[in-house]
Amino acid sequence: MKRLTKTILTSSLAVALLAGSYAGMNKAHAAGSKDDISIIVNNETANVDVTPYIRDGATLVPLNAIKTIPDVQISWNNNSKIVTVNNSGQKSTLKAGSTTATIIGHQVKLTSAAEMKNGRIMVPIRFITSAADAYAYWNAEQRAVYVAKPSTTLAKQLQSSDTATARNAAIRFPAVDKTGTLLETPETGDNMLYTTYFPKNKVDEFFKQHMDIVNYYRIINNHAELLWSAKVDLKQQVKNTNLPIIPYKIIESKGKMPSIPTGGVYFAFSLPGAFHYGIIDKNGKMTELPTATPEQSQQGIFNIPEEEQLK
């Protein structure tokens with residue numbers, strides 16, 4: 001009984017890890033009115049008390065919205081009216097009312113100045129991301145600004161020689177959505193399914209499936225990019241010639257469908273605590289492997305020796 005309880009708990013932790021990466025993107029659609037701008041920092045939608053806005057081609061955001069960028073300290077001096085970004089000892093500053101910033105010792109001209117609004121300092125996000133060495137992307141369809149920067153620890157884990165360690169880092173990498181508006185995602189419930197697929201021997205590209213929605217990510221420099229999203233029919237298993245790792249009929253999609261003719265591995269978690277894993281060959285045949293140990297379930301993604309047998 002204790003072993004069963006531990007398995008359920010560890011599987012639930014793995015589900016929480018997978019599900020969390022969907023939260024920020026999905027919330028971007030529900031944040032405020034259709035004209036509001038969402039700020040998504042490392043997969044989490046920022047809570048703001050002053051709505052971001054666009055002025056002179058620049059998106060201005062409240063300072064608190066982007067203070068969660070890892071390994072960076074961002075501060076506001078109300079006396080000097082200066083915003084300071086400290087990126088591992090490299091400082092950048094911007095004075096309220098000025099369109100000239102000092103970014104790591106260089107003078108940079110901005111299209112809009114930082115300014116006060118409703119008692120909050122609003123800062124051009126370009127200044128923050130440049131000073132913090134973060135990646136920023138404006139998704140016009142979602143009216144969302146994505147800000148991405150992995151922590152130093154996460155970036156090191158991605159470079160690990162251990163495939164499982166690198167893959168676990170990859171699925172937690174900050175992501176930006178470049179497909180436009182996401183396909184409609186399923187409602188949450190008591191029987192939710194989350195599956196992660198990795199092509200054979202790959203750590204820098206992967207698929208995340210939430211019920212009947214499959215998203216394809218590729219890691220580029222210091223962030224992951226969502227490049228393709230598809231709705232699949234879970235009742236129809238087929239061979240997708242250029243994408244056998246996804247063994248379901250594709251109903252509709254957005255973005256450019258990747259061409260990955262090899263098979264790979266999958267890890268499937270469902271509430272209230274079931275866990276399955278296995279391999280998929282180049283013909284789209286899924287083979288479920290023996291029950292995972294509680295330790296493997298807790299790890300989430302682990303090395304599968306049978307992966308090397310795939311052609």
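For the atom pair CD1 of I213 and OG of S253, the computed distance is 10.5 Å after rounding to the nearest 0.5 Å. Within the model, atoms CD1 of I245 and CG of D281 stand 11.0 Å from one another, a figure rounded to the nearest 0.5 Å. Atoms OG and CG, from S130 and N87 in turn, are 11.0 Å apart once rounded to the nearest 0.5 Å. Annotation: the span from L234 atom CG to D212 atom CG amounts to 5.5 Å, rounded to 0.5 Å. Remark: R218 CZ to L227 CG distance equals 5.0 Å, nearest 0.5 Å. Distance check: I66 CD1 to I128 CD1 gives 4.0 Å after rounding to the nearest 0.5 Å.
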For this session: Carefully, step by step, assess E205 and Y216 under the rule side-chain contact (heavy atoms from CB on, under 4.5 Å).
Result: CA-CA 7 Å; E205 55 183 332; Y216 167 68; 2.5 Å; yes
Exercise. Does the pair V214 and Y248 meet the rule for a side-chain contact (heavy atoms from CB on, under 4.5 Å), with working shown?
Worked result: CA-CA 10 Å; V214 177; Y248 302 108; 5.8 Å; no
Exercise. Taking it one step at a time, do D36 and R143 satisfy side-chain contact (heavy atoms from CB on, under 4.5 Å)?
Worked result: CA-CA 7 Å; D36 285 348; R143 289 187 64 79; over 6 Å; no
Problem set entry | Residues I279, Q309; criterion side-chain contact (heavy atoms from CB on, under 4.5 Å); working and verdict | CA-CA 10 Å; I279 57 176; Q309 299 173 11; 5.7 Å; no
For this session: Would you check, one step at a time, whether the test side chain to side chain donor-acceptor pair (under 3.5 Å) holds for N215 with D177?
Result: CA-CA 10 Å; N215 293 322; D177 178 8; over 6 Å; no
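Hydrophobic clustering places L110 together with L63 (ILVMFWY residues linked when any side-chain heavy atoms are closer than 4.5 Å, directly or through intermediates). A single hydrophobic cluster is seen to contain both W138 and I69, as judged by linkage of ILVMFWY side chains at heavy-atom distances under 4.5 Å, directly or through other members. Placement of I219 and V265 within a single hydrophobic cluster is found when ILVMFWY residues are connected by side-chain heavy-atom separations under 4.5 Å, directly or transitively. I74 is not connected to V50 by any chain of hydrophobic side-chain contacts under 4.5 Å among Ile, Leu, Val, Met, Phe, Trp and Tyr, and they are in different clusters. There is a path of hydrophobic side-chain contacts, each under 4.5 Å, that joins W228 to V232.
Here I104 pairs with Q90, S92 under the side chain to side chain contact (heavy atoms under 4.5 Å, CB included) rule; sequence neighbours left out. Scored by the side chain to side chain contact (heavy atoms under 4.5 Å, CB included) test, K156 finds T152 as partners (sequence neighbours excluded). In terms of the side-chain hydrogen bond (donor to acceptor under 3.5 Å, both in side chains) criterion, E306 has no residue partners (sequence neighbours excluded). For Y135, the ring-ring contact (aromatic ring centres under 6.0 Å, His included) partners two or more places apart in sequence, or in a different chain, are H223. Scored by the ring-ring contact (aromatic ring centres under 6.0 Å, His included) test, H276 finds no partners at all (sequence neighbours excluded).
Between P258 and L243, the closest side-chain pair of non-hydrogen atoms falls below 4.5 Å. Contact check for F198 versus T163: no side-chain heavy atoms found under the 4.5 Å cut-off. In this structure, N139 and V176 have side chains that are not in contact, with every pair of non-hydrogen atoms separated by 4.5 Å or more. Under the 4.5 Å side-chain criterion, counting only non-hydrogen atoms from C-beta, Y137 is in contact with K178. Using a 4.5 Å heavy-atom cutoff, the side chains of P62 and P52 are in contact.
Nearest heavy atoms, V85 versus A132: CG1-N, 4.3 Å. For the residue pair L289 and I304, the shortest heavy atom distance occurs at CD1-CG2, 3.5 Å. Pairing each heavy atom of S112 with each of T99, the nearest pair is C-CG2, 3.9 Å. Between A148 and P174 the shortest heavy-atom distance is CB-CB, 3.7 Å. Residues Y146 and A175 come closest through the heavy atom pair CD2-O, 3.6 Å. Taking each heavy atom of A65 and V48 in turn, the nearest pair found is CB-CG1, 3.7 Å.
In terms of modelled atom types and a separation under 3.5 Å, the side chain of E288 and the main chain of Y277 share no donor-acceptor contact. With hydrogens and angles disregarded, no donor-acceptor distance shorter than 3.5 Å links the side chain of T84 to the backbone of S75. Counting only distance, with no hydrogens or angles, the side chain of N42 and the backbone of K149 share a donor-acceptor pair below 3.5 Å. In this structure, the side chain of N283 does not engage the main chain of K285 through any donor-acceptor pair within 3.5 Å. Here the side chain of K208 pairs no donor or acceptor atom with the backbone of Y217 at under 3.5 angstrom. Without hydrogens or angle criteria, N303 side chain to A164 main chain gives a donor-acceptor distance under 3.5 Å. The closest donor-acceptor contact from the side chain of N43 to the backbone of F173 lies under 3.5 Å. Proximity of a side-chain donor or acceptor of D204 to a complementary backbone N or O of I220 within less than 3.5 Å is not detected. Of the possible polar contacts, none joining the E308 side chain to the L310 backbone as a donor-acceptor pair under 3.5 Å is found. Counting only distance, with no hydrogens or angles, the side chain of D233 and the backbone of K249 share no donor-acceptor pair below 3.5 Å.
Under a cut-off of 6.0 angstrom, the local environment of NZ in K282 is sparse, with at most 12 non-hydrogen atoms contributed by other residues, nucleotides or ligands. With a 6.0 Å radius and a threshold of 12 heavy atoms from other residues, nucleotides or ligands, K200 has its NZ atom above the threshold.
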Show me the donor-acceptor pairs within less than 3.5 Å that the side chains of residues 114-124 make with the rest of the protein, sequence neighbours left out.
| residue | atom | partner | partner atom | Å |
| --- | --- | --- | --- | --- |
| E115 | OE1 | R55 | NH1 | 2.7 |
| E115 | OE2 | Y53 | OH | 2.5 |
| E115 | OE2 | R55 | NH1 | 2.6 |
| R120 | NE | D49 | OD2 | 2.9 |
| R120 | NH2 | D49 | OD2 | 2.9 |

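Counted by atom type alone, Q107 and T102 present one or more donor-acceptor pairs between their side chains at under 3.5 Å.
Within the 6.0 Å centre-distance limit, the rings of F302 and F267 are counted as a close aromatic pair.
Residue R126 forms a side chain to side chain contact (heavy atoms under 4.5 Å, CB included) with just one option from T59, V108, L60, I103, and that option is V108. Among the candidates I54, V61, T51, the single residue satisfying the side chain to side chain contact (heavy atoms under 4.5 Å, CB included) test with I37 is I54.
Between F207 and Y197, the ring planes lie perpendicular to each other; the angle is over 60°, past the 30° to 60° tilted range.
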